[in-house]
There are 2 protein chains.
Amino acid sequence: MLLPAKARLTRQRRAVLDAIGRGGGSFTAVELYDLARRREPGLSLATVYRTIDLLKRTDAVRPLAGSERGEYVRCSPGHHHHLICLTCGSVEETELCAAPPEAELRERHGFTPSSHELDVYGTCAGCLAA
Amino acid sequence: MLLPAKARLTRQRRAVLDAIGRGGGSFTAVELYDLARRREPGLSLATVYRTIDLLKRTDAVRPLAGSERGEYVRCSPGHHHHLICLTCGSVEETELCAAPPEAELRERHGFTPSSHELDVYGTCAGCLAA
DNA sequence: ATAACTGCAAACGGTTTGCAAGTCT
DNA sequence: AGACTTGCAAACCGTTTGCAGTTAT
């Protein structure tokens, strides 16, 4: 959850970071806005977006790939994928990774992979219990 | 590339389908608009969007997951993933599929998967040659 | 001191919608 | 007739930007 090098840790940013900290791992700019505004009432939506933008640069946050518009996910560094609960919307990270083997991609499609993105949808432990 | 049941195949829709037919598999609403307008000059952007919407319902088209806003991909039916060329933007389908095994997801995360989305980025055969 | 940061309000880009007219069967 | 479709223009929603003033270091 780190900001880029020369970024300053202001009250507003602290409030946004804190808001990201709560919640199930995925969020909307407006959700953060509402949450963060409880402790930082003057906060503007523009600042929320600017903060999200900073976090995107350090890969601490990413737009949620396979989803509706406007959803972001909190991300820890390093290669991982997301388990997205279709019931409660929570997002969990997993280090489990199964990409198609490079050799086969090359052989079958002449395609040279450099990265991939994988999201798994389903039901999280909590929602399964209920 | 089929339209839903009771949908009519009008001149405008034919032009849009045709425009999707050209191109490398991924496209933008406006790209289609420009292309299709060459043979169907009166065509409106709204109609392009409405046609894309129809195709989304039959899964003949999907929003391109891990990409900028506004990109769509032509999709054939059935489970497959996309190989996206970072150089030319073309999108190829592959039946190669490697998802994390259900048993392991359940064991490690208590997560019950129901579907997944996988996109591979890299360089396509054509661009590798050049 | 000086770069970084903020709120505001306006602008943006992609997408959707209400409507009245047109078209297919 | 009756359901479906279209173009137009306006509305929408998430996001970005210019600006003038404020703040962290």
Side-chain angles (χ1 to χ4, degrees), chain A residues 1-20 23 26-58 60-74 89, chain B residues 1-20 23 26-58 60-74 89:
Chain A
M1 187 76 79
L2 221 47
L3 296 163
K6 40 205 171 155
R8 290 175 187 167
L9 187 47
T10 63
R11 283 180 304 126
Q12 292 89 331
R13 288 183 183 168
R14 208 184 304 269
V16 174
L17 294 181
D18 183 68
I20 295 178
S26 73
F27 51 86
T28 259
V30 176
E31 280 169 19
L32 292 186
Y33 177 66
D34 290 339
L35 249 166
R37 237 157 134 49
R38 305 231 261 253
R39 59 167 52 178
E40 196 59 38
L43 181 67
S44 78
L45 189 50
T47 293
V48 173
Y49 277 110
R50 289 193 265 234
T51 305
I52 290 176
D53 206 61
L54 288 184
L55 295 170
K56 281 199 272 190
R57 280 182 221 164
T58 63
V61 152
R62 273 193 253 164
L64 183 47
S67 166
E68 302 308 310
R69 184 136 333 113
E71 298 228 60
Y72 299 90
V73 220
R74 185 187 351 145
Chain B
M1 189 77 78
L2 223 45
L3 295 163
K6 39 202 173 157
R8 290 176 189 166
L9 186 46
T10 63
R11 283 180 304 128
Q12 293 87 333
R13 287 181 185 167
R14 207 185 303 271
V16 174
L17 295 182
D18 183 68
I20 295 179
S26 73
F27 52 84
T28 257
V30 177
E31 281 168 19
L32 293 187
Y33 177 66
D34 290 339
L35 249 167
R37 235 156 135 51
R38 307 231 260 253
R39 59 167 54 177
E40 198 57 40
L43 182 68
S44 78
L45 190 49
T47 293
V48 174
Y49 277 110
R50 290 194 263 234
T51 304
I52 290 177
D53 207 61
L54 288 184
L55 295 169
K56 281 200 272 190
R57 279 183 222 162
T58 63
V61 153
R62 272 192 253 162
L64 181 48
S67 166
E68 302 308 310
R69 184 134 333 110
E71 297 228 60
Y72 299 90
V73 221
R74 185 187 350 147

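Because only heavy atoms are used, hydrogens play no part in the values below, and waters and symmetry mates are left out as well, while side chains stay in. Just so we're on the same page: letters track the sequence lines, and every chain starts at 1. Worth saying up front: this structure is predicted, and the values here are computed from it rather than measured.
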*Does B/Thr47 put a side-chain nitrogen or oxygen below 4.0 Å from OP1 or OP2 of D/dG7?*
yes
*Could you go step by step and tell me if A/Arg14 and A/Leu17 meet the side chain to side chain contact (heavy atoms under 4.5 Å, CB included) rule?*
CA-CA 5 Å; A/Arg14 208 184 304 269; A/Leu17 294 181; 5.8 Å; no
*Length of the line joining A/Lys6:NZ and C/dT2:C1', which is rounded to integer Å*: 14 Å
*In terms of the nearest nucleotide of DNA chain C, which residue is placed more toward the 5' end: B/Val30 or A/Glu40?*
A/Glu40
*Are A/Leu35 and A/Asp18 side-chain neighbours, meaning at least one heavy-atom pair lies under 4.5 Å?*
no
*In the 5'-to-3' direction, what one-character label does each nucleotide of nucleotides 16-25 of chain D receive under the scheme B = base within less than 4.0 Å of a protein heavy atom, S = sugar-phosphate only, - = no such atom?*
BBB----BB-
*Please give, in whole Å, the distance from C/dA3 P to A/Leu54 CG?*
19 Å
*Rounded off to whole Å, could you give me the CZ-to-C1' distance for the B/Arg14 and C/dT23 pair?*
14 Å
_Side-chain touch A/Leu3/A/Thr58, heavy atoms, less than 4.5 angstrom_ = no
*Quickly work out the B/Leu64 CG to C/dT15 P distance and round it to whole Å.*
12 Å
*Report yes if some heavy atom in the side chain of A/Val61 is under 4.5 Å from a heavy atom in the side chain of A/Val73; otherwise report no.*
no
*Does a side-chain heavy-atom distance below 4.5 Å link B/Ser26 with B/Arg74?*
no
*Take atom CD of B/Glu71 and atom P of C/dG14, then tell me their distance rounded to the nearest Å.*
11 Å
_List the residues meeting side-chain hydrogen bond (donor to acceptor under 3.5 Å, both in side chains) with B/Tyr33, not counting sequence neighbours, and say none if there are none._
B/Arg37
*Report yes or no: does B/Thr28 contribute a side-chain atom to a donor-acceptor pair with the main-chain N or O of B/Glu31 at less than 3.5 Å?*
no
*Report the nucleotide, chosen from C/dG7, D/dT5, C/dC5, that has the shortest atom-to-atom distance to any side-chain atom of A/Arg13.*
C/dC5
*Could you state the CD-C1' distance from B/Gln12 to D/dC4, rounded to the nearest angstrom?*
12 Å
*asked:* How many whole angstroms separate atom CG of A/Leu17 from atom P of C/dC5?
replied: 12 Å
*Which whole-number value in Å describes the distance from A/Leu3 CG to C/dT6 C1'?*
15 Å
